[in-house]
Amino acid sequence: MQRRFNPLEADAKWQRIWDEKQSFRADDSSAKPRSYVLEMFPYPSGRIHIGHVRNYTMGDVLARFRRMTGHEVLHPMGWDAFGMPAENAAMEKKVHPGDWTRSNIANMKAQLKRLGFALDWSRELATCEPDYYGQEQALFLDLYEAGLVYRKESAVNWDPVDMTVLANEQVIDGKGWRSGAPVEKRKLSQWFLKITQFADDLLSGLDTLDQWPDKVKLMQENWIGKSVGLQFRFKLDTVVAGTETIEVFSTRPDTIFGASFAAMAADHPIALELAKNDTKLATFADECRKTGTAAAEVETQEKLGYDTGISVIHPFTGAKLPLFVANFVLMDYGTGAVMAVPAHDQRDLDFARKYMLATPRVVSPDGEDAPIGDEAYVGPGTLINSDFIDGMEVEAAKAAVIARAEGEGWGQGTTVWRLRDWGVSRQRYWGTPIPFIHCETCGVVPVPKDQLPVVLPEDVSFDIPGNPLERHPTWKHVDCPKCGKAARRETDTLDTFVDSSWYFIRFASQPDDKPFDKAVAEQWMPVGQYIGGIEHAILHLLYARFWTRALNYCGKIDVKEPFAGLFTQGMVTHETYRARDGRWLSPEEVEKQGEGYVIAATGEPVSLGRVEKMSKSKKNVVDPDDIIDQYGADAVRWFMLSDSPPERDLPWTVSGIEGSWRFINRLWRLFGAVDESGEDTGTEDKVLMRKLHQTIDDVASDIEALSFNKAVAKIYELANAIEKAKPSASRTEAIRTLALLVAPMVPHLAEEAWADMGQAGLIADVAWPDVDPALLVEDEVTIAVQVMGKLRDTITVAKGLPKEELEALALAAPNVARTIEGATPKKIIVVPDRLVNLVI
RNA sequence: GCGGACGUGGCGAAAUCGGUAGACGCAGCGGACUUAAAAUCCGCUUCCCGUAUAGGGAGUGCGGGUUCGAGUCCCGCCGUCCGCACCA
């Protein structure tokens with residue numbers, strides 16, 4: 001009778017047993033080597049997505065494998081549970097954000113459980129619960145005491161309809177993403193975290209992260225954006241409202257003798273002042289503000305300027321340079337004004353050509369004063385036409401100019417960062433309340449730690465737009481902790497990125513009375529392997545690196561980098577289908593017919609679209625629950641690991657998951673063959689044993705390298721070899737060992753087989769099989785024989801055969817003899833145990 | 001525009017050090033079993049010439065180069081994708 005694996009029964013059974021035995025609980029006091037494996041925790045949107053399944057399966061395989069190799073593994077799961085969708089649901093469906101979120105968590109947890117992940121659920125946390133965000137408030141106060149938190153007036157994107165602040169990413173073409181209303185700039189008092197204090201450290205720390213993708217490190221480097229240069233003051237030839245100088249920044253102070261004009265942003269204070277009495281300038285400035293900052297616009301936009309009629313005085317030559325207001329100068333970078341050197345900066349050159357300004361060369365690769373064409377020269381060279389720095393190389397000239405400016409007191413060497421301090425105020429309900437009180441007498445007063453957590457009120461309404469905390473009848477009214485007079489609670493809540501900036505430490509240590517225990521957390525930290533999507537390359541990963549440094553700065557933890565290893569996995573994609581009228585069709589609606597697809601119900605032809613990321617709008621979504629129902633957890637897990645390298649996109653296909661399901665059953669039949677055949681002849685199968693031990697070794701290193709697709713291929717090869725092998729003691733051993741090799745990937749099947757084979761205990765508790773090094777070396781090798789680099793034949797010989805013998809055998813190989821037709825080779829190249837190449 | 005990654009059969013992909021290109025899976029084709037289907041098993045499957053399980057030729061985006069030998073190294077193109085975006 002054919003054995004068919006029954007995942008419906010097996011999955012639930014083993015999940016229950018693992019639960020009962022607390023198999024995956026991490027022991028804080030273990031003497032084993034530690035391994036912290038973490039996947040980015042999900043936002044509880046309601047359903048898990050196939051992308052989550054891929055992400056968590058990868059982490060699970062690594063976690064289970066590390067357990068088998070003798071590690072004490074921490075592999076936790078939680079919920080990034082604050083955020084806007086819950087408030088949107090509250091507005092649309094009239095449910096409380098907390099109820100909505102908690103029921104989503106319950107649903108998603110049930111879904112995750114069905115996949116049999118080896119998670120320590122005892123450490124589960126949700127950021128929306130007071131036991132988490134209360135500790136976050138305590139940490140926020142610690143950072144405040146350390147001087148890392150401050151308030152400042154800041155221009156924000158204000159949505160006048162939703163009556164709330166929007167993040168830059170939520171403003172699309174100048175309009176609120178939800179309301180569609182034109183966004184206003186408003187000055188509001190906002191809470192900030194001093195991330196810029198750690199800018200240099202966050203940058204140099206990247207060099208220590210040798211287990212991070214270069215791509216992510218580069219993105220962070222660009223985001224932090226360090227520029228070193230000279231900040232200096234030009235004297236103005238006309239005093240503007242009491243101002244006699246304009247401050248500029250340049251990364252190329254060496255080119256200062258090539259400056260032919262200066263330019264400032266339309267919003268520069270001097271420009272604003274001048275515009276008061278110059279309507280043409282005011283109009284021009286308005287034009288500058290109107291043009292968008294969208295990629296396409298910037299690229300095509302012409303350099304435009306307005307000559308103010310004022311000049312700046314060159315600090316060395318005393319020459320008068322015209323001062324322009326220019327649309328390419330940004331107020332929020334550097335000082336909002338620049339010295340322009342057209343010969344050595346492309347933007348300055350474009351501008352100079354348009355307004356007929358001089359373009360003197362001051363750096364030359366060959367010392368010649370060649371005229372500048374349409375391209376600015378930005379390469380290395382020697383300074384010319386530059387007074388006291390003539391003849392110097394660029395770097396020396398930079399230093400010389402900075403030294404002179406500092407000596408004469410009109411400028412100083414400076415570093416400018418693109419990174420801004422992190423604005424964490426949100427005018428939302430569903431977030432961590434910022435633990436401060438505003439008192440008319442005492443000012444901004446921190447909530448005393450013994451009064452934490454500041455808990456969100458439950459009785460809120462979402463009938464009208466705006467922040468429900470702000471209009472709650474009682475919540476914000478409190479007495480000042482200092483003077484006892486009536487005062488007002490801060491009604492802003494924290495950006496949810498704060499919540500995800502330390503959850504990994506709370507997983508490692510979760511006491512009731514403090515955010516974490518230093519010693520316990522340090523035993524686990526840093527996270528050994530962190531796995532998640534590339535979309536978090538900058539924000540989340542940078543914030544978490546900052547927050548960990550901030551805690552380190554406060555003496556809370558002896559760790560600076562939270563994630564030693566980072567892996568960014570690819571997306572799960574799917575074909576898209578469209579009907580003739582252009583509407584998207586879901587996979588269930590279409591049917592394969594011959595080479596193409598038709599609508600199942602009507603037979604109407606369907607056009608096949610691109611393979612894209614699964615999304616509701618394109619209707620190419622596959623629900624994890626449905627496929628688990630159909631094929632069981634193991635087939636789904638196996639598919640997630642097969643074929644595509646984990647960092648690349650994985651195309652979901654029905655034939656692919658069916659292939660996985662077929663293999664699950666092939667394994668199941670193979671495992672059944674151990675008892676059934678009874679044909680263990682006691683004989684040894686050396687070839688199979690060699691294959692087995694090579695596979696044990698390969699699969700182990702593939703899993704460590706997260707090359708799951710390769711591990712899967714090796715397991716297929718071994719299964720093929722076992723099926724072809726004749727019954728023997730070796731074959732029985734190989735089958736039993738195969739169960740161990742697949743255990744991290746298809747754990748339910750492995751447990752079922754282990755029990756079925758009469759083995760004691762759980763396979764989850766069995767160690768990874770040992771490799772016999774003697775079996776890793778072949779005693780016979782197949783050698784390629786080439787003539788002039790072209791393969792002509794192969795010969796199989798004993799390993800380690802001396803050069804002369806190989807040459808003789810190669811010359812004697814029939815195909816070779818025919819090809820060279822008796823000629824004597826001029827040269828013979830022999831690579832021992834690999835190949836012989838005859839040069840005629 | 002700047003920066004980065006990638007380009008291998010019909011498809012997803014292997015090839016860890018410059019040494020037999022295409023392992024493994026999917027799809028496809030042929031066969032066995034079956035009344036039939038499903039399931040399963042066996043075989044073939046880069047392209048071209050060839051009756052051939054003989055043999056040969058071409059072949060890793062394109063054009064060059066280095067080398068006894070290049071998917072891999074170097075130079076120059078082309079294409080796709082991703083990130084950033086007037087950053088002084």
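Just so we're on the same page: letters track the sequence lines, and every chain starts at 1. Values reported hereafter were calculated over all heavy atoms of this structure, with side chains retained and with hydrogens, waters and symmetry mates removed.
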Any side-chain N or O of [X] below 4.0 angstrom from OP1/OP2 of [N]?
X: A:Arg347; N: B:C87; value: yes
X: A:Lys790; N: B:A58; value: yes
X: A:Arg418; N: B:A85; value: yes
X: A:Arg792; N: B:G56; value: yes
X: A:Tyr333; N: B:A88; value: yes

Mind checking the [atom1] distance from [N] to [M]? Whole angstroms is fine.
N: B:G22; M: B:C44; atom1: P; result: 15 Å
N: B:U45; M: B:G25; atom1: P; result: 14 Å
N: B:A37; M: B:A54; atom1: C1'; result: 41 Å
N: B:U16; M: B:U67; atom1: P; result: 24 Å
N: B:C41; M: B:C47; atom1: P; result: 25 Å

Determine, for A:Arg252 against A:Asp345, whether the closest basic-nitrogen to carboxylate-oxygen distance falls under 4.0 angstrom.
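No, no charged N to carboxylate O under 4.0 Å.
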
Would you call A:Glu717 and A:Lys714 a salt bridge, using N to O less than 4.0 angstrom?
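Result for this pair is no, no salt bridge flagged.
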
Does [X] reach a base, just sugar-phosphate, or nothing at all? Heavy atoms under 4.0 Å.
X: A:Val839; result: sugar-phosphate
X: A:Asn720; result: sugar-phosphate
X: A:Asp345; result: nothing
X: A:Val329; result: base

Determine whether the aromatic ring centres of residues A:Trp661 and A:Phe639 are separated by less than 6.0 angstrom.
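No, ring centres 6.0 Å or more apart.
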
Do A:Tyr355 and A:Phe261 have their ring centres less than 6.0 Å from each other?
no

Any chance you could list the contact pattern along nucleotides 3-18 of chain B? Use B for base contacts, S for sugar-phosphate-only contacts and - for none, protein heavy atoms under 4.0 Å, 5' to 3'.
SS-------BSSS---

Between B:C24, B:U20, B:A88, spot the one nearest the side chain of A:Ala713, thanks.
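For the A:Ala713 side chain, the nearest candidate turns out to be B:C24.
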
From the list B:A88, B:A21, B:A27, which nucleotide is the closest neighbour of the side chain of A:Ser655?
B:A27

[N] - base-pair partner by Watson-Crick or wobble geometry, distances under 3.5 Å:
N: B:A15; answer: none
N: B:G10; answer: B:C26
N: B:G3; answer: B:C82

Donor-acceptor check, side chain of A:Arg731 to backbone of A:Ala725, threshold 3.5 angstrom: yes or no?
yes

Between A:Thr196 and A:Asp421, does any side-chain donor sit less than 3.5 Å from a side-chain acceptor?
yes

Checking side-chain polar atoms at under 3.5 Å, does A:Ser227 have a donor or acceptor matched by the opposite partner on A:Tyr333?
yes

Assuming nearest nucleotide by heavy-atom distance, tell me which of A:Met788 and A:Arg252 is located more 5' along RNA chain B.
A:Met788

